[in-house]
Amino acid sequence: MAATPSLHSTSTSASSTASRKILSHYSNIYNSRSPKLPSLLFKTKSQATITIRIRCDAQNWSAGYVSAATNHHLHSIQNPSPPSSFSIPSASSSSSESSPSKRVCLFFCAETKPLAQRIAAESDSIELRSISWRTFDDGFPNLFIPNAHGIRGQHVAFLASFSSPKVIFEQLSIIYALPKLFISSFTLVLPFFPTGTSERMEDEGDVATAFTLARILSNIPASRGGPTSLVTFDIHALQERYYFGDNILPCFENGIPLLKNRLQELPDSDNIAIAFPDDGAWKRFHKQLQHFPTIICAKVREGDQRIVRIKEGNPQGRHVVIVDDLVQSGGTLVECQKILVNHGAAKISAYVTHGIFPNTSWERFEYDDGGDPGAGLSYFWITDSCPLTVKEVMNKRPFEVLSLADSIAAALQIGQLF
């Protein structure tokens with residue numbers, strides 16, 4: 001048990017609290033070979049800036065801090081015992097002691113309100129904040145952030161949905177405004193990065209709009225804590241991650257863990273096989289699903305037609321789950337379903353992270369109650385990355401929504417401060 005340090009204080013209670021936090025932090029990372037630990041800045045709840053100075057030698061250690069405003073010594077903590085008397089918290093220590101949660105103010109747009117509410121329900125550290133989304137008579141946005149002074153010094157996030165070009169501008173206006181409100185950090189959560197899903201850069205003159213959007217997001221103003229963090233899921237073209245500049249920190253997440261958890265709950269979980277509609281889907285996801293039997297499909301050209309064929313694997317008697325990152329019209333999935341049925345699949349389901357379904361194309365997918373896999377799907381799993389689709393397919397079989405809320409709540413804690 002570590003000896004209780006003696007306190008010699010001429011400071012306020014806030015300063016005393018600050019020093020205890022610093023010493024608790026350094027007791028976790030203390031290295032007896034380091035004669036001197038670095039100074040660092042720390043900010044109290046009253047927003048007073050102090051400099052922490054930690055010094056250690058073979059026999060004792062001390063911590064003191066100096067007011068940045070006056071350069072006067074305010075407080076010191078000393079321990080005459082050798083550094084070895086530090087008690088290092090065990091891995092079983094409570095998370096509240098070893099890694100306190102970061103308080104996050106989460107803003108959202110109208111489309112993402114249901115998802116924002118689910119995210120807030122996942123963590124007591126996330127507080128929802130609203131924005132007034134209005135328009136002027138000419139149709140241009142008239143936006144207002146209530147209690148803007150109240151988020152100063154806070155960690156702030158915005159949950160966006162770029163479902164169509166007409167809503168991007170008003171959300172970008174908010175995204176560019178929030179970091180300028182003297183906040184500690186800013187995170188943009190964009191579950192679905194929408195551009196580039198159908199683009200093919202094949203002819204001179206083709207424009208990569210995904211690059212344009214990535215550069216716009218790369219120029220979001222920095223907050224007091226530094227560049228903006230971007231959280232997005234299963235970006236369609238993997239090379240798009242290199243479109244972003246150095247002034248944004250992209251965090252690329254994926255939805256496959258949600259699928260794996262759901263498959264474990266099925267009564268026939270021991271009879272699942274995974275089918276990939278093309279080599280691109282296999283390259284993206286096969287390492288995460290490698291413990292399942294695998295089927296790889298491919299499109300081959302026959303005359304003027306492109307027909308889906310099974311390139312590898314055997315679906316005979318299996319509950320086959322077709323896995324891809326997104327679906328638009330669903331034509332490729334339908335062709336995969338047909339060929340899998342022809343090769344003896346007992347049941348067929350599908351998973352995509354992003355269910356886009358323009359022009360209500362989701363209506364082409366029927367429900368199979370277990371009797372005829374050629375007539376429909378047993379399950380069609382999507383995430384809530386596309387809120388408008390979720391609203392349309394909710395409680396309609398074979399669709400089932402797997403929420404990203406828990407994954408987003410966890411991502412918002414990345415890089416938390418003590």
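Nothing here was measured: the structure is a model prediction, and the numbers come from that model.
Although no hydrogens or angles enter the test, the distance criterion places a donor-acceptor pair under 3.5 Å between the side chain of K260 and the main chain of Q288. With hydrogens and angles disregarded, no donor-acceptor distance shorter than 3.5 Å links the side chain of Q337 to the backbone of T332. For the pair S123 (side chain) and I119 (backbone), a donor-acceptor distance under 3.5 Å is absent. Remark: side-chain polar atoms of T383 are paired, donor with acceptor, to backbone N or O of T353 under 3.5 angstrom. Between the side chain of D278 and the main chain of G280, a donor-acceptor pair closer than 3.5 Å is present. A donor-acceptor contact shorter than 3.5 Å is absent between the side chain of D372 and the backbone of D368. Formation of a donor-acceptor pair under 3.5 Å by the R364 side chain with backbone atoms of S329 is found in this model. Under a 3.5 Å cut-off, the side chain of T209 and the backbone N or O of V207 do not form any donor-acceptor pair. In this structure a side-chain-to-backbone donor-acceptor pair under 3.5 Å is present from D234 to G255. Within the 3.5 Å criterion, the main-chain N or O of H236 finds a donor-acceptor partner in the side chain of R284.
A cation-pi arrangement is found for R241 relative to F252, the charged atom lying closer than 6.0 Å to the ring centre and inside a 45° cone about the ring normal. Note that R262 lies in the cation-pi zone of Y379, set by a 6.0 Å cut-off to the ring centre and a 45° limit from the axis.
Atoms CZ and CG, from F107 and L128 in turn, are 10.0 Å apart once rounded to the nearest 0.5 Å. Going from atom CG of L377 over to atom OG of S349 covers 6.5 Å, rounded to the nearest 0.5 Å. Atom CG of residue N254 and atom CG of residue L404 lie 10.0 Å apart, to the nearest 0.5 angstrom. S218 contributes atom OG, which lies 8.0 Å from atom CD1 of I220 (distance to the nearest 0.5 angstrom). Note that CZ of R134 and CD of E170 are 12.5 Å apart. Values are rounded to the nearest 0.5 Å. Separating the CD1 atom in I408 from the OG1 atom in T232 is a distance of 9.5 Å, to the nearest 0.5 Å.
Paired with H155 under the rule side-chain hydrogen bond (donor to acceptor under 3.5 Å, both in side chains), one option of S223, S185, S184 passes, and it is S185.
With contacts defined as side-chain heavy-atom distances shorter than 4.5 Å, the pair K102/S125 does not qualify. For the pair V323 and W381, the minimum side-chain heavy-atom distance is 4.5 Å or more.
Legend: residues meeting side-chain hydrogen bond (donor to acceptor under 3.5 Å, both in side chains) with Y367, ordered by chain and number and at least two apart, are R397. With sequence neighbours left out, T187 forms a side-chain hydrogen bond (donor to acceptor under 3.5 Å, both in side chains) with no residue at all. With sequence neighbours excluded, the residues forming a ring pair (Phe, Tyr, Trp, His ring centres under 6.0 Å) with H286 are W282, listed by chain and number. Residues forming a ring pair (Phe, Tyr, Trp, His ring centres under 6.0 Å) with F399 (at least two apart in sequence, or on another chain): F357, F380. Residues forming a side-chain hydrogen bond (donor to acceptor under 3.5 Å, both in side chains) with D324 (at least two apart in sequence, or on another chain): none.
More than 12 heavy atoms of other residues, nucleotides or ligands lie within 6.0 Å of CG in N261, so this atom counts as buried by the packing criterion. Around atom CG of N395, no more than 12 heavy atoms belonging to other residues, nucleotides or ligands sit under 6.0 Å away. For K396, the NZ atom is densely surrounded, since the number of other residues' heavy atoms within 6.0 Å is greater than 12.
Of the charged side-chain nitrogens involved, none lies within less than 4.0 Å of a carboxylate oxygen, so that D406 and R118 do not count as a salt-bridged pair.
A donor atom on one side chain and an acceptor atom on the other are found under 3.5 Å apart for D268 and H319. At a cut-off of 3.5 Å, with distance as the only test, a side-chain donor of W362 or E392 sits close to an acceptor on the other residue.
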Enumerate, atom names and distances included, each donor-acceptor pair closer than 3.5 Å involving a side-chain atom of residues 109-116, sequence neighbours excluded.
| unit_1 | atom_1 | unit_2 | atom_2 | d |
| --- | --- | --- | --- | --- |
| E111 | OE1 | S161 | OG | 2.7 |
| E111 | OE1 | S163 | OG | 3.0 |
| E111 | OE2 | S163 | OG | 2.7 |
| T112 | OG1 | C109 | N | 3.1 |
| T112 | OG1 | C109 | O | 3.3 |
| T112 | OG1 | L159 | O | 3.0 |

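When all heavy atoms of L188 and A160 are compared, the pair lying nearest together is CD1-CB, 3.9 Å. The two residues G150 and R129 have their closest heavy-atom pair at O-NH2, 4.2 Å.
Aromatic pair F285/Y351: ring centres not closer than 6.0 Å.
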Using the rule given for ring pair (Phe, Tyr, Trp, His ring centres under 6.0 Å), can you reason through F211 versus Y243, listing the C-alpha separation, both sets of side-chain angles and the distance that settles it, and then say yes or no? CA-CA 6 Å; F211 180 81; Y243 290 175; 5.5 Å; yes

